[in-house]
Amino acid sequence: EAGVAQSPRYKIIEKRQSVAFWCNPISGHATLYWYQQILGQGPKLLIQFQNNGVVDDSQLPKDRFSAERLKGVDSTLKIQPAKLEDSAVYLCASSLVDNQETQYFGPGTRLLVL
Amino acid sequence: LAKTTQPISMDSYEGQEVNITCSHNNIATNDYITWYQQFPSQGPRFIIQGYKTKVTNEVASLFIPADRKSSTLSLPRVSLSDTAVYYCLVGEINTGFQKLVFGTGTRLLVSP
């Protein structure tokens with residue numbers, strides 16, 4: 001079974017630029033999550049989708065972050081404009097609707113904002 | 001969501017048993033205890049989950065006392081490859097919306 005795929009794996013940008021991350025969840029997983037993990041901290045949930053609907057985006061900085069999952073499968077997370085404090089690893093995870101405590105994480109995208 | 005407290009770091013040697021204890025004094029009746037493992041440069045990985053008493057799988061054991069205010073993740077005979085960060089999470093399942101809240105975790109270093 002293929003795991004959660006993410007791209008790119010690494011990205012370096014300058015502040016005020018925009019960046020986008022892509023995630024392809026495990027086939028059949030209706031629930032998709034984006035996390036931000038700052039160095040030395042645990043992952044922090046940014047947004048959770050169930051199919052193509054948002055169920056929680058309470059910790060998403062909506063003035064600069066946006067995410068979509070138009071067809072209920074792949075998802076993209078965008079930052080525009082980026083700030084220095086956005087430097088982190090962005091993790092995508094997916095799970096079955098009826099087993100959300102078991103989440104499968106991708107390898108993450110490491111973002112460095114200069 | 002119940003708050004969890006676990007040691008920041010632990011050191012061990014190959015072949016030893018490692019026990020990581022997590023405190024969750026405000027755990028609710030419907031809350032389960034879940035542990036994740038994260039290797040460097042990888043996303044977290046589900047290890048084990050339990051509600052009470054003892055749960056064992058091929059990776060670890062989870063001990064939960066009767067009052068459920070703490071839990072202990074036990075890793076038998078660790079190897080160098082068990083060096084990772086271990087997260088204890090507490091949350092309600094069997095609802096339409098499950099939110100995992102990660103703390104800073106316990107950084108386990110296994111030495112030869």
Side-chain angles (χ1 to χ4, degrees), chain A residues 1 3-10 21 23-26 29-51 53-60 88-112, chain B residues 1-9 20 22 24 27-28 30-51 55 57-60 62 64 71 84-109:
Chain A
E1 176 183 87
V4 175
Q6 291 188 246
S7 67
R9 291 296 311 277
Y10 305 92
F21 311 126
C23 172
N24 181 243
I26 292 173
H29 283 192
T31 310
L32 184 146
Y33 316 78
W34 283 101
Y35 289 85
Q36 178 193 59
Q37 185 171 25
I38 293 172
L39 188 64
Q41 299 181 19
K44 182 183 82 170
L45 180 68
L46 293 176
I47 189 167
Q48 177 179 347
F49 292 94
Q50 187 157 311
N51 296 309
V54 176
V55 296
D56 182 16
D57 63 357
S58 57
Q59 298 194 90
L60 186 73
V89 176
Y90 291 85
L91 295 160
C92 179
S94 69
S95 71
L96 296 170
V97 171
D98 58 356
N99 190 13
Q100 295 181 27
E101 67 277 9
T102 306
Q103 298 181 16
Y104 296 84
F105 285 78
T109 296
R110 187 174 299 272
L111 173 68
L112 178 60
Chain B
L1 294 169
K3 177 179 170 59
T4 60
T5 303
Q6 51 184 125
I8 294 175
S9 64
I20 305 174
C22 178
H24 28 79
I27 190 168
N30 294 331
D31 284 345
Y32 278 67
I33 300 150
T34 308
W35 285 80
Y36 275 75
Q37 173 191 55
Q38 186 174 25
F39 297 115
S41 300
Q42 295 186 25
R45 181 177 75 115
F46 173 90
I47 303 177
I48 197 166
Q49 182 184 75
Y51 184 80
V55 179
N57 62 22
E58 64 279 4
V59 176
L62 179 60
I64 306 168
S71 59
V85 178
Y86 293 82
Y87 296 98
C88 167
L89 300 96
V90 172
E92 182 175 356
I93 66 170
N94 296 324
T95 62
F97 167 42
Q98 172 66 33
K99 182 172 182 174
L100 295 182
V101 179
F102 288 83
T104 53
T106 297
R107 190 171 301 272
L108 173 65
L109 175 62

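Residue numbers begin at 1 in each chain, while the letters A, B, ... track the order of the sequences. Please read all numbers here as calculations on a predicted model, not as lab measurements.
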### Task
Would you please classify the geometry between the A/His29 ring and the A/Tyr104 ring as parallel, tilted or perpendicular, with 30° and 60° separating the classes?
tilted
### Message
As an exercise: rank A/Gly40, A/Gly108, A/Pro43 by heavy-atom pairs under 4.5 Å with chain B and give me the winner.
### Response
A/Pro43
### Task
Tell me, please, which residues at least two apart from B/Gln6 pass side chain to side chain donor-acceptor pair (under 3.5 Å).
B/Thr106
### chain B contact via A/Gln37 - side chain, backbone, both or neither, heavy atoms under 4.5 Å
side chain
### Query
Do the rings of A/Tyr90 and A/Phe21 sit parallel, tilted or perpendicular, given the 30° and 60° boundaries?
parallel
### Residue among B/Arg107, B/Gln38, B/Gln42 with most heavy-atom pairs under 4.5 Å to chain A
B/Gln38
### Message
Please confirm whether the ring centroid of B/Tyr86 lies under 6.0 Å from the ring centroid of B/Tyr36.
### Response
no
